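Model, not experiment: these values are computed from the prediction.
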Amino acid sequence: MTTKETERRRRPAERRRPPQEAPKPHRSTPEVVYLPPKPFNRNRLVLRLVTVAAVVVALVLGMSVFFKVENIEVAGCGKYTPWDISQASGIQVGDNLLSFGQAKAAGRITTALPYVWKARIGIKLPDTVTIYVEEIEVTYAIKSADDSWWLISSGGKVIEKAAEGAQEGYTKILGVQLADPQISAQAVAKETGSTQTDPMGGTVPVAVTQAKRLKTALDVVTFLEANGIIGKAASVDVNDMGDIQLWYGQQYQVKLGDDSQLSYKISCLKSTVQTLKDHDSGVLDISFTTRPDKVIYTPFNEN
C-alpha cells in the first residue's frame, strides 16, 4: 500500500471526529462591597418638613385668596325666585369656593323650600356657584288627625297646610290620616291603635297598619303620575285594602282590588279610558278578581 492510499483512508476518519468543546471562561465571583449607612441628618429632615408645610400653607392661602364665591347661578326654579334659592342655600358672596359644603347647602334648600324636592350644587372656577333645583309639580290633599287638610307629594313630603276649601282642587287621599305633619318633613300616618280580640279574649294585632295604607296610597298616585294621569283623579281611597278605589274625575269609579300589580292596573286604566268615549261613565273593575287581566266596564245606567 502506498503512502497516498494510507492518507486517503485516514482523512474520512478524521472528519468523523466530534469537535472539541471550547474551554469555558472562568467567572470570578463579584466582590461584595459594604457601605455603611449614612448618619441620620435631623436638620435635613426638619428642612423637608418645613418645605412641605410651606407648600401646604401657600395652597390654602391661595385658595382662600383667589377662589372666592363671586357669582351664584340658579336654574330650574318656578315657584321660587333665584334669590329665594340663593338665600335658602346659605351660600354668601365671599365664601371659599372649594370648602363651603355643597351637600349641606343642598339640604338647607330642600328644608327651607318645601316645593323643592332635589337640589344639586356645583362650582365653576374661578368664582361661580351653580345651583339647579327640581320642584314638586303635583301635590295631593290628605287629612291630619285634627281634620285639617295638608298637601303632600307622591314621595310623601309634607308641602304645606291647605287653605280652607282648597282641598277640592286636589286629588284627595282617603282612608288614612297624618300624625302631626311638619312642613318639609316626611309624612307619617297616624296609627289608630285599635285592636280586636279573639274568642278567647286575646288581643289580635292589626292586620294592616296605617303606615301601610299611606304607602299604598302614595304608590297609587306615583303610578298615576307615571301614566300621565295628573289632576284627573278626584280621590284615592285605601280604607279597604282589599278593595282600593279611585275616582277618575266624576266619570269613572275605578276598583283596583288589593295592592298587588298596582303599576300594571294603573296602566290598564289609562289604556281603557283612551278607548272609551267622552260621554261614557261607569265602573271600571281592574281588580282582576272576576276575569284575570281583563278590565270590566259597566256603565252607570246598567247598575
- List the steps and the verdict of side chain to side chain contact (heavy atoms under 4.5 Å, CB included) for Val283 and Tyr297. CA-CA 6 Å; Val283 178; Tyr297 168 57; over 6 Å; no
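- Here the OG-CD1 distance, from Ser267 to Ile229, works out to 9.0 Å after rounding to the nearest 0.5 Å.
- In plain terms, the two heavy atoms of Ala119 and Ala106 that are nearest each other are O-CB, 3.6 Å.
- In this structure, the side chain of Tyr140 does not engage the main chain of Leu218 through any donor-acceptor pair within 3.5 Å.
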Determine whether Thr171 and Val138 satisfy the following criterion, side chain to side chain contact (heavy atoms under 4.5 Å, CB included), listing intermediate values before the conclusion.
CA-CA 9 Å; Thr171 300; Val138 186; over 6 Å; no
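- Not a single salt bridge (charged side-chain N to carboxylate O under 4.0 Å, His left out) links Lys255 to another residue, sequence neighbours left out.
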Practice prompt. Show your reasoning for whether side chain to side chain contact (heavy atoms under 4.5 Å, CB included) applies to Tyr252 and Thr272.
Written response: CA-CA 11 Å; Tyr252 304 108; Thr272 300; over 6 Å; no
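- Looking only at distances, a side-chain donor or acceptor of Thr111 sits under 3.5 Å from a matching main-chain atom of Gly107.
- Grouping the Ile, Leu, Val, Met, Phe, Trp and Tyr side chains by contacts below 4.5 angstrom, directly or via other members, places Val236 with Ile230.
- Applying the ring pair (Phe, Tyr, Trp, His ring centres under 6.0 Å) test to Phe288 and every residue at least two apart in sequence or in another chain returns Tyr264.
- For Ser287 (side chain) and Gly257 (main-chain N/O), no donor-acceptor pair under 3.5 Å exists by modelled atom type.
- Between Lys212 and Asp219 no salt bridge is recorded (no basic side-chain N to carboxylate O distance below 4.0 Å).
- Contact of the Asn239 side chain with the Leu174 side chain is not registered, since no non-hydrogen atoms from C-beta on lie closer than 4.5 Å.
- Remark: the backbone N or O of Val158 is not paired with any side-chain donor or acceptor of Gln182 at under 3.5 angstrom.
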message = Checking Trp247 against Asp237 for the side chain to side chain contact (heavy atoms under 4.5 Å, CB included) test, could you report, in this order, the C-alpha distance in whole Å, the side-chain angles of both residues, the deciding distance, and whether it holds?
response = CA-CA 9 Å; Trp247 274 88; Asp237 192 343; over 6 Å; no
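- The shortest non-hydrogen separation linking Leu113 to Lys157 is O-NZ, 3.8 Å.
- Placement of Val188 and Leu178 in two distinct hydrophobic clusters is found when ILVMFWY residues are connected by side-chain heavy-atom separations under 4.5 Å, directly or transitively.
- Without hydrogens or angle criteria, Gln186 side chain to Gly155 main chain gives a donor-acceptor distance under 3.5 Å.
- Atom OG of Ser86 sits about 11.5 Å away from atom CD of Glu73, to the nearest 0.5 Å.
- Listed here is the closest heavy atom pair of Thr290 and Ile296: CB-CD1, 3.9 Å.
- A donor-acceptor pair under 3.5 Å is absent between the side-chain atoms of Lys161 and the main chain of Ile183, judged by distance alone.
- Within a 6.0 Å radius of CD in Glu137, other residues, nucleotides and ligands contribute 12 heavy atoms or fewer.
- Put simply, the side chain of Glu191 never gets that close to the backbone of Thr209: no donor and acceptor are under 3.5 Å apart.
- Considering only heavy atoms from C-beta on, Gln177 comes within 4.5 Å of Asp147 through its side chain.
- Taking the side chain as every heavy atom from C-beta outward, Leu276 and Leu284 approach each other to under 4.5 Å.
- When each of Val238, Ile173, Ile266, Val221 is tested with Leu246 by the rule side chain to side chain contact (heavy atoms under 4.5 Å, CB included), just one qualifies, namely Ile266.
- Contact annotation: the side chain of Gln92 never approaches that of Phe100 to less than 4.5 Å [non-hydrogen atoms, C-beta and beyond].
- The closest donor-acceptor contact from the side chain of Asp146 to the backbone of Ser148 lies under 3.5 Å.
- Leu151 and Trp117 fall within a single hydrophobic cluster, where Ile, Leu, Val, Met, Phe, Trp and Tyr side chains are chained together by heavy-atom contacts under 4.5 Å.
- Within the 4.5 Å cutoff, side-chain heavy atoms of Ile142 are placed close to those of Leu214.
- Listed by chain and residue number, Gln245 satisfy the side-chain hydrogen bond (donor to acceptor under 3.5 Å, both in side chains) test with Asp243 (two or more places apart in sequence, or in another chain).
- Applying salt bridge (charged side-chain N to carboxylate O under 4.0 Å, His left out) to Lys265 and the options Asp293, Asp258, Asp285, Asp259 leaves one that passes, Asp258.
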